[in-house]
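Below: one structure, written as structure tokens.
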Amino acid sequence: MTTAFDPIDLGGVPLANRIAMAPMTRSRVGHDGVPDELTVEYYAQRATAGLIISEGVQPSAVGQGYPGTPGLHTAAQVAGWRRVTDAVHRRGGRIFAQIMHAGRIGHPDVLPEGLVNVGASPVAARGQVFTGRALQDFVVPRELTGAEVRTTIADFAAAARRAVDAGFDGVELHGANGYLIHQFLAPGSNRRTDEWGGSVEGRIRFAVETARAVAAEIGGDRTGIRISPGNPFNDIDEPEPEPAYTALVKELDQFGLAYLHVGEVSSQLRDLTHTLRGLFSGAFLLNPATAPRHTGPQELALIEDGTADVITFGALFLANPDLPARLRQGGPYNVPDAATFYGGGAQGYTDYPTL
Ligand SMILES: Cc1cc2nc3c(=O)[nH]c(=O)nc-3n(C[C@H](O)[C@H](O)[C@H](O)COP(=O)(O)O)c2cc1C
């Protein structure tokens with residue numbers, strides 16, 4: 001029987017175990033989006049993960065959704081990430097960069113002077129975002145022109161190249177949780193009538209073409225993608241996820257991707273999880289539906305019963321830098337402190353104790 005403590009190959013990347021750290025935005029870098037010494041320490045502390053998936057990283061200035069998130073669009077950011085990846089590799093770990101374009105989620109006040117948020121269609125998300133000083137309503141995004149859609153895809157590919165230059169083992173495209181790729185997938189936020197919208201084929205095109213461009217740039221075996229079918233987060237309206245996501249995964253499978261990462265939002269969607277896994281040839285990473293609690297030791301059984309190849313842990317990994325060792329011996333576990341999830345310094349970031 002395969003267990004969480006058995007190794008696995010992801011594309012060509014050998015992982016020591018099947019316990020991965022889920023991508024988590026921590027909003028702790030400066031305005032330049034450059035990872036610093038504290039970022040290095042945070043990720044290095046978690047290097048016993050089979051795989052670390054980084055926090056969401058913007059591929060371009062306009063792709064930033066929140067204050068204090070890092071980028072992969074300047075030379076200084078590449079140099080900052082190089083120190084992170086070197087530290088993780090020195091400790092025997094593996095790390096992919098999550099490339100996250102926030103699209104309509106965010107606010108012009110978070111962006112450099114003169115930039116406005118962009119999206120598939122001029123439809124604002126209901127809700128608010130913390131812009132550094134205050135909570136503000138999401139704005140109506142400027143609709144990307146057809147030519148700009150192509151440029152945005154090229155920005156993903158360029159960021160993927162910079163990720164590899166920075167020493168990442170690969171990249172994960174953030175197609176989940178209501179950010180730009182998901183905004184194209186969902187009918188509520190994509191009202192386009194051109195080739196990038198309308199039918200299922202149109203709505204999945206941005207995700208497919210982004211994966212194609214990134215795989216062409218750095219290799220399919222270094223490219224993963226995260227999706228969260230039916231996730232209403234960030235005002236996504238996606239009443240019938242199955243047709244779009246099965247079509248999407250069938251298309252993605254042609255690129256020989258390293259992995260598919262499903263963020264499962266409801267246990268009622270477990271059948272769809274199984275279906276998507278069956279349609280995909282690469283490794284299958286699962287962040288299982290467990291709400292209201294966090295993913296925990298119970299979910300390791302999903303590897304043993306073959307539901308997933310790798311389980312990704314969010315909050316529990318945030319609070320337990322040595323999570324694989326704790327899972328192996330059955331705990332105990334530090335409790336995640338939600339008050340320090342976003343922003344601030346070392347507290348709630350690098351000060352969770354190891355065993
Ligand atoms: C502080 C925090 C930040 C997060 N940021 C991201 C992110 O940048 N990208 C992403 O895909 N998911 C993000 N997530 C979602 C997690 O990856 C994960 O799906 C979620 O926490 C549920 O898993 P869990 O129960 O293991 O924590 C974040 C979650 C938390 C707690």
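Sequence positions, counted from 1, serve as the residue numbers for this chain. Ligands are counted one by one from 1 in listed order, and the atoms in each one are counted from 1 as well.
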Polar-atom distance check: Gly314 versus ligand 1, any N or O pair below 3.5 Å?
yes
Among Ala315, Ala22, Gly296, Pro336, which residue places a heavy atom closest to atom 27 (O) of ligand 1?
Ala315
Rounded to the nearest 0.5 angstrom, the CZ-NE2 distance for Phe184 and His101 is 9.0 Å
Can you figure out which of Leu318, Leu316, Asn287 has its heavy atom closest to atom 22 (C) of ligand 1?
Asn287
May I ask whether Asn177 has any heavy atom positioned less than 4.0 angstrom from an atom of ligand 1?
yes
I need the nearest protein heavy-atom contact for atom 25 (O) of ligand 1: residue, atom name and distance, please.
Thr295 N, 2.9 Å
Considering distance alone, does some N or O of Glu172 sit under 3.5 Å from an N or O of ligand 1?
no
Taking both backbone and side-chain atoms of Gln98, is any N or O found less than 3.5 Å from an N or O belonging to ligand 1?
yes
Is there a nitrogen or oxygen of Phe313 sitting under 3.5 Å from a nitrogen or oxygen of ligand 1?
no
Do ligand 1 and Arg226 have nitrogen or oxygen atoms that lie under 3.5 Å from each other?
yes
How close does the nearest protein non-hydrogen atom get to atom 13 (C) of ligand 1, and which residue and atom is it?
Pro23 O, 3.0 Å
Within 45° of the axis and under 6.0 Å from the centre of the six-membered ring of Phe5, does NZ or CZ of Arg328 qualify?
yes
Whether the Asn320 and Arg326 side chains hold a donor-acceptor pair (N or O, under 3.5 Å, no angle test) is what I'd like checked.
yes
For the residue pair Glu55 and Tyr43, confirm or rule out a side-chain donor-acceptor distance under 3.5 Å.
yes
Angle between ring planes, Tyr179 versus Phe233, binned at 30° and 60°: parallel, tilted or perpendicular?
perpendicular
Quick one: does Arg26 get an N or O within less than 3.5 Å of an N or O on ligand 1?
no
For ligand 1, is Tyr342 a contact, meaning one of its heavy atoms is under 4.0 Å away?
yes
Is any N or O atom of Glu55, backbone or side chain, closer than 3.5 Å to an N or O atom of ligand 1?
no
State the CZ-CG distance between Arg104 and Asp235, to the nearest 0.5 angstrom.
5.5 Å
